[in-house]
2 protein chains.
Amino acid sequence: MLTIGKLGEAAGVKVPTIRYYEQIGLLPEAERSAGNQRLYGRKAMERLAFIRHARDLGFTLEAIRDLLSLSDRPDQSCAAADAIARAQLAEIESRLARLTALKAELERMVVQCAGGKIADCRVIEVLGDHSLCATDHRHPESEVPS
Amino acid sequence: MLTIGKLGEAAGVKVPTIRYYEQIGLLPEAERSAGNQRLYGRKAMERLAFIRHARDLGFTLEAIRDLLSLSDRPDQSCAAADAIARAQLAEIESRLARLTALKAELERMVVQCAGGKIADCRVIEVLGDHSLCATDHRHPESEVPS
DNA sequence: CCTTGAAGCTATAGTTGCTAGAGACATTAG
DNA sequence: CTAATGTCTCTAGCAACTATAGCTTCAAGG
C-alpha cells in the first residue's frame, strides 16, 4: 500500500492533482489508514497511470472519464473507444496544421526584424496589420458566431 | 465612432471579450456616449486588431501586454519585441514536436484497434500501459519536481 | 520515549482567457 | 410609440490544475 506521495512519484502525477482527480470522481475514494491518510494499491496505480498517459496524449478529462468507463466493461464493443481516439487524433491533426502555419509566420516576422528601433520593427508592424500576413489564422469558430 | 458590437464584428472579437480586455487593462477605458455606451475610434480598433492577431499567433495576454507597451515607445530598441517573438517561436516549435509525436502514437493506436471487444482493444491497452508506447511523452517539467 | 521535520489532511482561493447568465437601461426600426 | 435588439454591470462558471493556510500524522534520530 502506497501513500499518496509515493503514488504520485511512481505515476509522475503531483499529489494535489491526485486529490483533485479523486474529488472529481476520476479516481475512486481511496482507502484510509488509521490516521486518515489515503492508501493506494496496484489497481489505483494502474488507473492513475492510464489517466496520466491519456492526459499526456492530450485527451480531456471528460474523454478519459469515458475511456475509463469503457474499460470497466470489457465485454462491450470497442467502437466507442476507437471513436474517442479517432476524434482525439483529428483534433491533434488540426492543431498541428494551425501551429505549422503560425510557426511560418513567426519565423518570417523574426527574420525580418532588423534589430533597429521599435518604429521600424517588423514584429510590431506585422502584429498590428493582418494584411501584412500571408496566411489566414482565423479560428474556424470565430467565423460563424454561434 | 463605433459601438462595442460593431467594433467586435469588425475585429472578429466577441463583445464580452472586448469588455474583458478593458477590465484587465489591455484596452484603455473607452469613451462613453450620453447613454453610457462605449464608443471606439480608429486607434482602439487598431489596438484590438493587434491583440487579436497576436492571440491568433498564440501569444499570451501577458506577452501582448509587453508588446503593446513596447509599441507605445517607438524610439526604443526592438530587441525586446524580437525576444518575445523568438520565445513564442521556440514555444510553438516545442509544442509542434510534442504534437507530432502524439499524433504518431495515436495513429498507431487507432490503426491497431481491430474493432473487437473492449477486452482486446489496443486503445485501452496502450493507454493503460506506457511500456507499450514507443515514444516518450513526459513533460519536461514533470521530471524535475520543483 | 520524545521530539522534530517531512508528509499528509481539509478547505478555500487563484490561475488563464474567456463565456454565460441575470436584470436593468439605451437605441433603433417599423 | 412600441417592440426588438443592443448595451450596461455584476456575478459565476469553464478546464485542469496550483497554491495557500492551518492543522494532524508519521517515521526516524537522540
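Throughout, protein chains are lettered first and strands after them, A, B, ... in sequence-line order, and every chain is numbered starting at 1.
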For [X] and [N], is the shortest distance between a side-chain N/O and OP1 or OP2 below 4.0 Å?
| X | N | result |
| --- | --- | --- |
| Thr17(A) | dT18(D) | yes |
| Tyr21(B) | dC18(C) | yes |
| Lys14(A) | dC17(D) | no |

Should [X] and [Y] count as side-chain neighbours, where that means a heavy-atom distance under 4.5 Å?
| X | Y | value |
| --- | --- | --- |
| Ile84(A) | Leu70(A) | yes |
| Leu61(B) | Tyr21(B) | yes |
| Val111(B) | Arg108(B) | no |
| Leu26(A) | Leu48(A) | no |

Length of the line joining [X]:[atom1] and [N]:[atom2], which is rounded to integer Å:
| X | N | atom1 | atom2 | answer |
| --- | --- | --- | --- | --- |
| Ile18(B) | dC18(C) | CD1 | C1' | 13 Å |
| Ile24(B) | dG14(C) | CD1 | P | 17 Å |
| Glu22(B) | dC10(D) | CD | C1' | 14 Å |
| Arg55(A) | dC17(D) | CZ | P | 4 Å |
| Tyr20(A) | dT18(D) | OH | P | 10 Å |

Short side-chain to backbone donor-acceptor contact, [X] and [Y], under 3.5 Å:
| X | Y | result |
| --- | --- | --- |
| Arg86(A) | Ala81(A) | no |
| Gln88(A) | Leu106(B) | no |
| Arg95(A) | Leu99(B) | no |
| Arg55(B) | Phe50(B) | no |

Exercise for the section: Compare the minimum distances between each of dC18(C), dC26(D), dC17(D) and the side chain of Ser33(A), then state the nucleotide with the smallest one. Expected result: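 Selected nucleotide (nearest to the side chain): dC26(D).
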Membership question, hydrophobic clusters at under 4.5 Å side-chain separation (ILVMFWY): are Ile24(A) and Leu67(A) in the same one?
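Leu67(A) clusters together with Ile24(A).
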What does the inter-axis angle of the helix from dC1(C)-dG30(D) to dG30(C)-dC1(D) come out as, five pairs per end, nearest 10 degrees?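 The end axes of the helix from dC1(C)-dG30(D) to dG30(C)-dC1(D) are about 10° apart, to the nearest 10°.
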Approximate separation, where rounding is to 0.5 Å, of [X] [atom1] and [Y] [atom2]:
| X | Y | atom1 | atom2 | value |
| --- | --- | --- | --- | --- |
| Ile51(B) | Arg47(B) | CD1 | CZ | 6.0 Å |
| Thr17(A) | Ile4(A) | OG1 | CD1 | 9.5 Å |
| Ser94(B) | Leu89(B) | OG | CG | 10.5 Å |
| Lys43(B) | Leu27(B) | NZ | CG | 12.0 Å |

Which residues in residues 84-93 of chain A have at least one heavy atom lying under 4.0 Å from any atom of DNA chain C?
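Residues of residues 84-93 of chain A under 4.0 Å from DNA chain C: none.
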Proximity to DNA chain D (any heavy atom under 4.0 Å), residues of residues 59-67 of chain A only: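 Result for residues 59-67 of chain A: Thr60(A), Leu61(A), sorted by number.
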Can Glu107(A) and Glu93(B) be said to form a side-chain contact (heavy atoms from CB on, under 4.5 Å), step by step? CA-CA 11 Å; Glu107(A) 272 169 348; Glu93(B) 276 168 350; 3.6 Å; yes
5' to 3', nucleotides 4-10 of chain C under a 4.0 Å protein heavy-atom cut-off (B base, S sugar-phosphate only, - none) gives ----SSB
Enumerate donor-acceptor pairs with a distance under 3.5 Å from any side-chain N or O in residues 31-42 of chain B to protein atoms, sequence neighbours excluded.
| unit_1 | atom_1 | unit_2 | atom_2 | d |
| --- | --- | --- | --- | --- |
| Arg32(B) | NH1 | Asn36(B) | O | 2.9 |
| Arg32(B) | NH1 | Asn36(B) | OD1 | 3.3 |
| Ser33(B) | OG | Gly35(B) | N | 3.2 |
| Ser33(B) | OG | Asn36(B) | N | 3.4 |
| Ser33(B) | OG | Gln37(B) | N | 3.1 |
| Arg38(B) | NE | Glu22(B) | OE1 | 3.0 |
| Arg42(B) | NH1 | Glu46(B) | OE2 | 2.9 |

Could you write out each protein N or O paired with an N or O of nucleotides 20-23 of chain D at a distance under 3.5 Å?
none

Where do Arg52(A) and Gly12(A) come nearest, in terms of heavy atoms and distance?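 For Arg52(A) versus Gly12(A), the nearest heavy atoms are NH1-O, 2.7 Å.
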